Protein chains: 2
Amino acid sequence: MASSGSGPRRVTIDDVARSAGVSRQTVSRALNDKDEIGVSTKQRVLDAALALGYRPSRFARGLVRQDTISVGLVIPDLLNPFFTEVAAAALDAARAREWHVVVYDTGDRVEEERGTLEVIASQVDAVVGYLSLPEDEIDKLTRGLPVVLIDREHRTERFSSIRIEGEEGVHAAIRHLVEAGHRRIGMLDHAERSKPSIRHHWFDAAMSACGLDAGAVSRADQSVEGGEAALRELLAAHPDVTAVFTFNDIIAIGALRAARRLGREVPRDLAVIGFDGLRLGSLVEPPLTTVALDTRGLGALAVEQAARLLTRSEPLSSDELAVGAELRLRESA
Amino acid sequence: MASSGSGPRRVTIDDVARSAGVSRQTVSRALNDKDEIGVSTKQRVLDAALALGYRPSRFARGLVRQDTISVGLVIPDLLNPFFTEVAAAALDAARAREWHVVVYDTGDRVEEERGTLEVIASQVDAVVGYLSLPEDEIDKLTRGLPVVLIDREHRTERFSSIRIEGEEGVHAAIRHLVEAGHRRIGMLDHAERSKPSIRHHWFDAAMSACGLDAGAVSRADQSVEGGEAALRELLAAHPDVTAVFTFNDIIAIGALRAARRLGREVPRDLAVIGFDGLRLGSLVEPPLTTVALDTRGLGALAVEQAARLLTRSEPLSSDELAVGAELRLRESA
DNA sequence: TTGAAAGCGTTACCAA
DNA sequence: TTGGTAACGCTTTCAA
């Protein structure tokens with residue numbers, strides 16, 4: 001049983017102290033730029049540290065300083081511009097509090113989400129984001145951590161969630177279409193979950209509020225290509241449709257592209273209204289009319305609620321945990 | 001001088017132990033799902049923990065377990081799609097190693113970058129990303145941490161950097177324009193740094209390699225609006241320009257928009273070639289021809305090099321620390 | 001199945 | 001200006 005041990009042992013402050021011929025505290029002082037230390041001593045310590053390749057343990061440091069907070073931000077796909085915006089907002093809100101944000105991209109895979117949650121508990125003080133696992137499983141994996149869900153209901157006491165209140169905005173969108181003379185309005189819903197989305201319900205409600213029959217619906221993957229395919233499908237089945245409302249802006253952008261390729265000019269031959277209010281929407285041609293969400297609010301609220309949960313101060317009420325949406329008129333409708 | 005102390009003291013494992021009438025280790029066992037514990041004891045401990053709102057200290061845990069690595073990813077602006085792509089790639093590469101990534105968005109402000117670097121040293125094991133501070137300052141702030149710079153030269157021994165090799169790609173782009181008959185080719189460079197960018201040099205070199213005089217140049221802010229303004233300026237000063245190469249895709253997209261508003265049809269009246277190869281480029285109209293960078297490689301290489309620096313294994317050589325770029329023909333040129 | 005003791009690597013607080 | 005000692009909160013031996 002020789003002395004080889006398991007891998008190169010970590011270089012600790014004691015190694016540096018020994019090598020520089022001083023005590024630990026002196027090393028600590030040198031490294032943390034404290035005053036109470038001689039210049040030459042300091043230099044000697046710094047040299048020794050460098051020579052040994054010493055790096056302080058952030059855990060030991062954090063343990064004694066107890067002054068940093070990190071939140072884990074879990075998102076399905078950072079490349080999806082919607083999540084990018086939410087993430088950016090969350091980073092902003094966290095920075096304002098001097099919090100650190102550990103970002104996890106699950107790539108929309110449940111196993112990854114599970115893996116992330118498994119490992120997250122020992123790395124952060126709170127979890128915020130888009131989770132798709134069942135609540136009891138989340139509960140088990142995050143035992144003890146505050147959890148703030150975005151755009152998802154929750155029943156478990158421990159969790160909080162940020163609601164999206166889009167009904168108003170969707171109404172406004174449909175009303176706008178109707179006022180422009182549209183009667184046959186379709187929807188491109190998302191395809192991933194089994195049941196129709198809440199946004200679909202809002203659409204239905206808005207349609208009947210405007211005295212229209214339920215509109216035709218196609219289901220689209222959450223991608224530009226998905227939107228493209230879905231619009232083609234919808235128009236094939238219902239050629240008389242003159243306007244579409246989509247589950248989100250990404251799908252709407254796909255629809256825009258499909259329309260162009262089908263020779264339908266937007267908005268003249270087909271009006272398109274998206275949902276989300278992505279910046280991206282203003283770059284495409286024609287710029288996308290959309291039901292714009294307060295994405296910044298989404299990220300900020302989530303972080304704010306995490307903060308309250310963490311400090312045991314009065315958490316935000318259910319009423320406050322919501323962001324609104326309003327119709328943003330551009331050129332596609 | 002009462003006993004109020006400073007804020008509510010942290011609930012520790014000892015509090016739980018006391019409350020449940022067991023020892024610390026038993027609490028530890030219950031919380032970590034170990035076997036050596038009675039069912040009823042375990043439940044009692046769990047209940048106590050819940051009641052007290054106990055959350056294990058990740059620092060104490062990390063100190064003992066020493067098994068997690070985090071890198072800090074510093075980027076100027078997550079909402080800039082280019083950085084989003086790099087970030088996503090870095091997250092991917094990190095996940096493959098089971099590393100955690102703490103993301104910092106400096107909002108392109110040096111003070112924020114400084115603030116971030118100040119605080120980062122005690123939070124992560126390595127730093128990766130886009131930094132704009134002078135090397136000596138970075139050196140001071142990150143003392144001891146491995147640092148991998150992206151798209152920036154370095155002189156300091158301690159640092160590594162990932163180089164972008166775009167010369168080939170830019171040559172191909174200009175050659176392509178020349179073959180299409182263009183002779184008056186302009187460039188939209190970025191405006192932020194004082195001296196012309198390397199991409200500008202590549203452009204000049206490519207121009208002269210094709211036997212052309214130096215092209216007209218305008219400087220653009222790193223935004224769609226910036227690109228728009230810059231193209232207007234360029235065309236105002238040099239109306240005979242028939243093609244532009246831009247510092248990046250964002251600026252190119254602005255140019256596309258400006259061209260449309262000026263009534264110049266792309267590519268018929270004006271050819272546009274960007275740089276970066278953003279996904280976004282394929283969504284605009286017309287889809288953007290661009291010198292596409294291997295963004296995934298950028299993020300992945302940075303993380304890979306950080307890993308080598310961290311484990312003291314053979315770091316990647318300068319030759320390996322580069323990503324290439326190739327002309328991606330779409331419709332704008 | 002449970003508990004006592006010994007670390008993990010650092011900084012804070014005194015005393016020298 | 002320096003060093004000794006005591007935390008910080010947890011997990012891992014090893015004994016009971």
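Remember, it's a predicted structure, so these values are computed and weren't measured experimentally. A, B, ... follow the sequence lines: proteins, then strands. Residue 1 opens every chain.
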Output the rounded distance in Å from [atom1] ([X]) to [atom2] ([N]).
X      : N       : atom1 : atom2 : value
D33(A) : dT10(C) : CG    : C1'   : 17 Å
E36(A) : dC14(C) : CD    : C1'   : 12 Å
Q43(B) : dT2(C)  : CD    : P     : 13 Å

Output yes when at least one side-chain N/O atom of S23(A) is less than 4.0 Å from OP1 or OP2 of dG4(D), else no.
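Negative; the distance criterion is not met.
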For [X], all residues meeting side chain to side chain contact (heavy atoms under 4.5 Å, CB included), sequence neighbours excluded:
X       : value
K140(A) : R143(A)
R109(B) : E111(B), E112(B)
A307(A) : R97(A), W99(A)

Worksheet item: Does D15(A) come within less than 4.0 Å of R10(A), counting only side-chain N to carboxylate O?
Response: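 Result for this pair is no, no salt bridge flagged.
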Hey, are E135(B) and R155(B) close enough for a salt bridge, meaning a charged N less than 4.0 Å from a carboxylate O?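 Salt bridge: no.
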Checklist entry - Are D125(A) and I69(A) side-chain neighbours, meaning at least one heavy-atom pair lies under 4.5 Å? => result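 Yes, close enough: below the 4.5 Å cut-off.
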In 5'-to-3' order, the base (B), backbone-only (S) or no-contact (-) status of each nucleotide in nucleotides 6-16 of chain D, using a 4.0 angstrom heavy-atom cut-off, is B-BBBBB----
**Item:** Criterion side chain to side chain contact (heavy atoms under 4.5 Å, CB included) against V102(A), the qualifying member of V71(A), V127(A), V124(A)
**Value:**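 By the side chain to side chain contact (heavy atoms under 4.5 Å, CB included) criterion, V102(A) pairs with just one of V71(A), V127(A), V124(A): V124(A).
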- prompt: Between the axis at one end of the helix from dT1(C)-dA16(D) to dA16(C)-dT1(D) and the axis at the other (five pairs apiece), what's the angle to 10 degrees?
  reply: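 Helix axis angle between the two ends: 30°.
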Test: side chain to side chain donor-acceptor pair (under 3.5 Å). Region: residues 73-85 of chain A. Which pairs qualify, not counting sequence neighbours?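 Sorted result for residues 73-85 of chain A: E85(A)-T295(A).
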